Amino acid sequence: MMTDLSFYKGKRVFVTGHTGFKGSWLCKILIGAGAVVTGYALPPATEQNLFSESGVEAGMRSVIGDIRDREKLFSAFEKADPQIVFHLAAQPIVRAGYKDPAYTYETNVMGTVNLLECVRKKPQNVKSVLNVTTDKVYKNNEWCWGYREDEPLDGFDPYSNSKSCAELVTHSYKNCFFGEGDVSVSTARAGNVIGGGDFAEDRIIPDCVRAALSGKRIAVRNAASVRPYQHVLEPLFAYLLIAQRQYEDASFAGYYNVGPDENSCITTGKLVDLFCAYWGEGLGREEKSEKNAPHEANYLKLDCSKIKSKFGWAPRWDIRKAVEKTVEWTKVFRARGDIDAVIRAQIREYMAVKK
């Protein structure tokens, strides 16, 4: 089932983390649908970033602020008077969590508390809230099968664990303050996301992009690790669908895994090989060994049966298409082409797929 974007026309939508990779793509979709969008986030984290390159700010109200600053967040929230809220603001990098765990917990846990406090204290018009977490919230037993929504939440590292905590915070607020159905609250646990415009540090596709743009070989660590890779449009349209359906019917509120089909759960090495194949130009990779590297899971997959059965949702682009579209975007960027045009074209192409 595809999200009916006409639902969002004229809706007031509040997006935290709008200057990030996923946030910028989400705002592009919402603006194109005719939503009245307010974003609240820190400035983009990298000099090169999708928010600046795409021109998304021109179509929305952008508030630059720290999710830990409750007073400023309250003020922005009150002015926006949203009907729908997407919470994406986070410290999103596993390795950054090892370097600064306190900041990671402050942002990911207390940031979630602050956002939900806005909803609790100003609920007049808010009807639908979606907190975006991660596939890494689960206690990872290195199983060969996918984790389901009722598995124990116990992320290992500070980033993953802080997102587990954010899930529990959301569950508590939902049970204690939003239990009557006036405000529908869900969480979405998405797998590893790729796509054009991600320039973050310590992520494999941005590492591929930087190597390709500089003419260097791609350094790959943990080439055998398995992850549920998916194009950024996959979870974003799932988020839009969840937020819409629970707005219309509170019984759809819940906790949902959002990930690719089995054939797109591949090793990091295979992902890099696909990137090299689509990029061409003799691009290659090399193994990178690290002494005393921080712990990262070797095997991680999601069971997405719940969202498929509840909403009729299904992935539209497999991993090959996801990598192809990432390379397509990046080559337009390299040529200093029309970034807005390629984003809009990819959204249209994604929506046109018959499922």
Side-chain angles (χ1 to χ4, degrees), residues 1-11 13 15 22 25-26 28-30 32-35 83-88 127-135 137-138 145-151 167 170-171 174 178 181 183-195 227-266 300-322 325 346-355:
M1 180 178 184
M2 173 52 69
T3 306
D4 178 10
L5 289 182
S6 66
F7 163 82
Y8 284 94
K9 186 174 182 178
K11 294 289 195 306
V13 183
V15 180
K22 289 173 76 174
W25 274 95
L26 177 60
K28 272 290 185 185
I29 298 169
L30 287 166
Q83 298 161 286
I84 300 168
V85 178
F86 293 97
H87 180 43
L88 280 70
K127 290 193 64 177
S128 178
V129 178
L130 182 66
N131 179 19
V132 175
T133 61
T134 175
D135 58 349
V137 296
Y138 297 106
W145 55 83
Y147 293 91
R148 291 182 285 191
E149 288 84 353
D150 58 356
E151 306 281 0
E167 283 273 351
T170 307
H171 301 181
K174 180 176 179 177
F178 311 128
V183 181
S184 298
V185 180
S186 290
T187 66
R189 305 160 184 175
N192 290 44
V193 173
I194 67 173
R227 295 288 185 273
Y229 293 105
Q230 59 188 327
H231 192 273
V232 64
L233 291 176
E234 298 285 8
L236 293 184
F237 273 91
Y239 303 162
L240 290 162
L241 181 60
I242 295 167
Q244 173 191 341
R245 296 306 302 277
Q246 71 177 14
Y247 183 102
E248 299 167 332
D249 182 348
S251 69
F252 283 100
Y255 315 111
Y256 297 99
N257 288 338
V258 184
D261 290 329
E262 179 76 21
N263 62 0
S264 293
C265 296
I266 63 172
L300 180 58
K301 292 197 298 184
L302 295 175
D303 183 328
C304 300
S305 302
K306 182 179 178 180
I307 192 172
K308 291 178 178 179
S309 62
K310 192 91 169 178
F311 297 101
W313 176 86
R316 293 179 165 235
W317 284 351
D318 65 11
I319 187 59
R320 290 183 175 274
K321 179 63 74 171
K325 290 301 165 184
Q346 290 190 357
I347 292 170
R348 287 195 301 271
E349 183 178 345
Y350 176 83
M351 294 183 67
V353 177
K354 302 297 182 183
K355 278 289 183 178

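Note that the structure is a prediction, hence the values are computed from the model and not measured. Note: hydrogens, waters and symmetry copies are ignored here, and every other heavy atom, side chains too, is used.
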Worksheet entry | Side chain to side chain, F7 and E248, heavy atoms closer than 4.5 Å | yes

Worksheet item: Any Lys/Arg nitrogen of E262 or K301 sitting under 4.0 Å from an Asp/Glu carboxylate oxygen of the other?
Response: yes

Worksheet item: Do D318 and S264 have a side chain donor and acceptor closer than 3.5 Å?
Response: no

Discussion item. Measuring only between side-chain heavy atoms, which start at C-beta, is S309 closer than 4.5 Å to F311?
Written reply: no

Response to the item:
Closest non-hydrogen atoms of K306 and Y255, given as atom of the first, atom of the second and distance, are NZ-O, 2.9 Å

Fill in: Side chains of P228 and D135 in contact at under 4.5 Å (non-hydrogen atoms)
yes

Worksheet entry | Single hit among K321, K325, E234 for side-chain hydrogen bond (donor to acceptor under 3.5 Å, both in side chains) with Y350 | E234

Practice prompt. Test the K22-F86 pair against the cation-pi criterion, namely NZ or CZ under 6.0 angstrom from the six-membered ring centroid and within 45° of the ring axis.
Written response: no

Fill in: Sub-4.5 Å side-chain heavy-atom contact between L26 and L88
yes

Worksheet item: Would you say the side chains of Y138 and R189 form a donor-acceptor pair under 3.5 Å?
Response: yes

Worksheet item: Considering only heavy atoms from C-beta outward, does the side chain of W317 approach that of E349 to under 4.5 Å?
Response: yes

Fill in: Validation row: S186, Y256 side chains within 4.5 angstrom (heavy atoms)
yes

